[in-house]
There are 2 protein chains.
Amino acid sequence: MLGETGPGRVRHVKGATIRDVARRARVSHQTVSRVINGRESVTAETRDRVVRAIRELEYVPSAVARSLSSQRTHTLGMVTTDVSDHFFAEAVAGAEAEARKRGYFLIIGSIEEGSEDDERTYLRLMLERRVEGLIVAVPRLRLAEDDLLADAVARIPTVLVASDIDLAGADHVDIDNRRGGHEATAYLAAQNHRFIATITGPLDWPSARARLDGYRDALRDAGISADRSLVEPCVDWGLDSGRRAAERLLESAPRLTAIFAQSDLLALGAIAALRGRGMRVPEDVSVVGFDDIPVSSVFDPPLTTVRQPMREVGELAARLIGDRASSPRKTKGARHMLRAPLVIRGSVARLDGSARR
Amino acid sequence: MLGETGPGRVRHVKGATIRDVARRARVSHQTVSRVINGRESVTAETRDRVVRAIRELEYVPSAVARSLSSQRTHTLGMVTTDVSDHFFAEAVAGAEAEARKRGYFLIIGSIEEGSEDDERTYLRLMLERRVEGLIVAVPRLRLAEDDLLADAVARIPTVLVASDIDLAGADHVDIDNRRGGHEATAYLAAQNHRFIATITGPLDWPSARARLDGYRDALRDAGISADRSLVEPCVDWGLDSGRRAAERLLESAPRLTAIFAQSDLLALGAIAALRGRGMRVPEDVSVVGFDDIPVSSVFDPPLTTVRQPMREVGELAARLIGDRASSPRKTKGARHMLRAPLVIRGSVARLDGSARR
DNA sequence: GGGCCGGATGTGACCGGTAACATAGCCCTA
DNA sequence: TAGGGCTATGTTACCGGTCACATCCGGCCC
């Protein structure tokens, strides 16, 4: 099996092309193309010859050449916040599954916290690769006034995930965070809690603000007046932040009987801090989280939390793109909200009227 | 801005090509190419004209055409088990970061549990896309005798992650699971435990078998004879499996004083089951996990566990590919083992000699 | 038996870049 | 002042497929 690459040129294992196969099977390259694409109108006998030649030459068709010629890449791009965050990993998994079901490949760009203009770079690279759709799951997106994103939207179907940027032409997919925050808080109020604190995520995340809005809505609905000292924002969504926030709350609002934490990790951190102060959960302080990460159910106590269906978010995003691609372009983007249901477990206690502090 | 696409052909928003830009800037397309690629030897004035034309036409170079012509795709492929598994998501994140640092894009194929011949499909698709390197992180890979994988290895730099398939020419990256299992078990033995049970992952995972080997090694080293009733395999790595396994163990081996669970979730499930039986951790039974997932540290008790540096695994895999690609091809693949260190927290109690049951 | 039809196959252009080489000025030196 | 060498730019082929259309051939109809 000597390389017939011609003199000089050494090229690693010069792959066979459609024409090499054609020559070997003594047909035209077009006939090979027909066989590859399973078109009718090829004699069984010819087909056999071609198939054999393909096998003998270990021919693998080039998706690159095919894309150039057919103007289709069958590729979706997804730009996300760091995939090592469980939350986004789920969304990627969902999008990937749905994309593949529809015959698309997913290329991802995962943005590390702290790096500069990465979303711009990724957007540009994906446009260059001629992705046929774009999923942007970067909550803190700073691209609002950016031409680049608008440009992308103008060229290809684009879905913004968990973003509050309002870009005509783009679809939006998000969790109904406001409602989720409302449900969590209303549930605490229904258990007779009146001093309900909240530990929020970073307030430059739209989801954090929406959950906070939901929290406030619920307090108002329950006739509880808002108290600024009961709201404790964090710089990130992690355990340590939750721990520290709980400690600050215990200083500033010692009368609290319940905490709505905007993530499960914040909640778990808060619980750890409460325990550190000798308080019991839920007997002394009730806690509700947000996310429903896998361990929430085995935690002690099992965490009552709001479940985010991130996988479905990813799936929906990919599906919307698929629909856009196949059907005539709708003019305006829609905003799709997925409900985040409250999962009641054991971290909330009912306060009987007399027991209010 | 009327489309100059020619009569008939409507084509959505026909993108400008290098030749369109050339025409507008009154230069040859080659000069445009030079400008795009930042080559010297273009007059500042010419460059300006070209840059302006690019902007006016909203020209975005086509990576597809470039790839076809230059025979480089700057793309790495990664086939993994479902990325919604935190473990693999970390590896993907690491690989992605490292790849991009080296100018590569990552396309991923995430294999859902239960689907049929997906790894074959993905491999084929990635080969078609002419990825310049391949990371295969599918522990349960059934491709041992498969021509397809061997084919891939022959064509492009390939790294197998956490696989025990021995494929000459491929690099291997893995956690040193045997040593990790040894450390966990040895630590328990050093705390005077003698009846040390283990809850394993599915034994068709090489990592599960290696950890089990490490467990046995450690028992032997400590002069403890093996007891089959102390080994409890599970069908998956999840919480429920851990819970059920612990319950079975309590039946079959009531004298156990310690459990080495092969994943943190298994460990947490086991702890939940133990508590359900009224036993305390670590006072009655000590538990060690494996993984060090984010919540392990706040669990009650904080979980002593073996930390898996999955992110680094991904990074290393991408780096190896980068090295292979740039340096002359080494003949044989190497096996790289990353150490998984024991993280001591609070879920193990020291048994004093008299207290042995 | 000529013409038409339709299936099987071949031909040449084209997709949008890059590479190699050609060419045209220009400056410098002998 | 001719020739060498360098810079700026243009020309043409090529990467490996797909597409549109041409061609060939056997069967069928009148």
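Chain naming here is simple, since letters A, B, ... match the order of the sequence lines and numbering starts at 1 in each.
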Atom CG of A:D48 and atom P of C:dT9: how far apart are they, to the nearest Å? 12 Å
Which word best sums up how the rings of B:Y122 and A:F105 line up, parallel for under 30°, tilted for 30 to 60°, or perpendicular for over 60°? perpendicular
Between A:E45 and A:R49, does at least one N-O distance fall below 4.0 Å, as a salt bridge requires? yes
B:Q71 CD to C:dA19 C1', straight-line distance once rounded to whole Å: 12 Å
Going by side-chain hydrogen bond (donor to acceptor under 3.5 Å, both in side chains), name the residues that satisfy it together with B:S69, two or more places apart in sequence or in a different chain. none
By nearest-nucleotide position on DNA chain D, the 5'-leaning member of B:S41 and A:S70 is B:S41
Taking atom C1' of D:dC15 as reference, at what distance in whole Å does atom CD of B:E128 sit? 17 Å
OP1, OP2 of D:dT7 versus side-chain N and O of B:T43: anything below 4.0 Å? no
Given C:dT9, is OP1 or OP2 found less than 4.0 Å from the side-chain N or O atoms of A:T46? yes
Can a salt bridge be assigned to the pair A:E98 and A:R102 using a cut-off of 4.0 Å between side-chain N and carboxylate O? yes
At under 4.0 Å between heavy atoms, what does A:R39 touch on the DNA or RNA strands: base, sugar-phosphate, or nothing? sugar-phosphate
Using atom CZ of A:R26 as one end and atom C1' of C:dG10 as the other, report the distance to the nearest whole Å. 15 Å
Does B:T31 have a side-chain nitrogen or oxygen under 4.0 Å from the phosphate oxygens OP1 or OP2 of D:dT9? no
Determine: side-chain N/O of B:S28 to OP1/OP2 of D:dT11, distance under 4.0 Å, yes or no. no
At under 4.0 Å between heavy atoms, what does A:V27 touch on the DNA or RNA strands: base, sugar-phosphate, or nothing? sugar-phosphate
Is it the case that D:dG10 (base atoms only) and B:R34 (side chain only) share a donor and an acceptor within less than 3.5 Å, ignoring hydrogens and angles? yes
Can you establish whether the number of heavy atoms outside B:R335 located under 6.0 Å from its atom CZ is more than 12? yes
Taking A:R155 first and then A:D151, would you say they form a salt bridge - that is, a charged N and a carboxylate O separated by under 4.0 Å? yes
With nearest nucleotide decided by heavy atoms, which residue, B:A65 or B:Q30, maps closer to the 5′ end of DNA chain C? B:A65
Determine the contact category for B:V42: base if any of its heavy atoms lies under 4.0 Å from a base atom, sugar-phosphate if only primed atoms, P, OP1 or OP2 are that close, otherwise nothing. sugar-phosphate
Looking at the base of C:dG16, is there any donor atom on it, or on the side chain of B:R66, that sits under 3.5 Å from an acceptor on the other one? no
Which whole-number value in Å describes the distance from B:R130 CZ to D:dC15 P? 14 Å
If I take atom CG in residue B:L68 and atom P in nucleotide C:dA19, what distance separates them, rounded to the nearest angstrom? 12 Å
Compare side-chain N and O positions of A:S69 against OP1 and OP2 of D:dT18 and report whether any pair is under 4.0 Å apart. no
Measure the distance from CD on A:E45 to P on C:dA8 and round it to the nearest whole Å. 13 Å
Looking at C:dT18, does its base get a donor-acceptor pair with the side chain of B:H29 below 3.5 Å? yes
Ignoring backbone atoms, establish whether A:S62 has a side-chain N or O less than 4.0 Å from OP1 or OP2 of D:dC15. no
Would you indicate what A:S67 reaches in the nucleic acid, counting non-hydrogen atoms under 4.0 angstrom: base, sugar-phosphate, or nothing? nothing
Counting side-chain heavy atoms from CB outward, which of C:dT9, C:dT18, D:dT18 is closest to A:I18? D:dT18
Over how many whole Å does the gap from B:R19 atom CZ to C:dG17 atom P extend? 8 Å
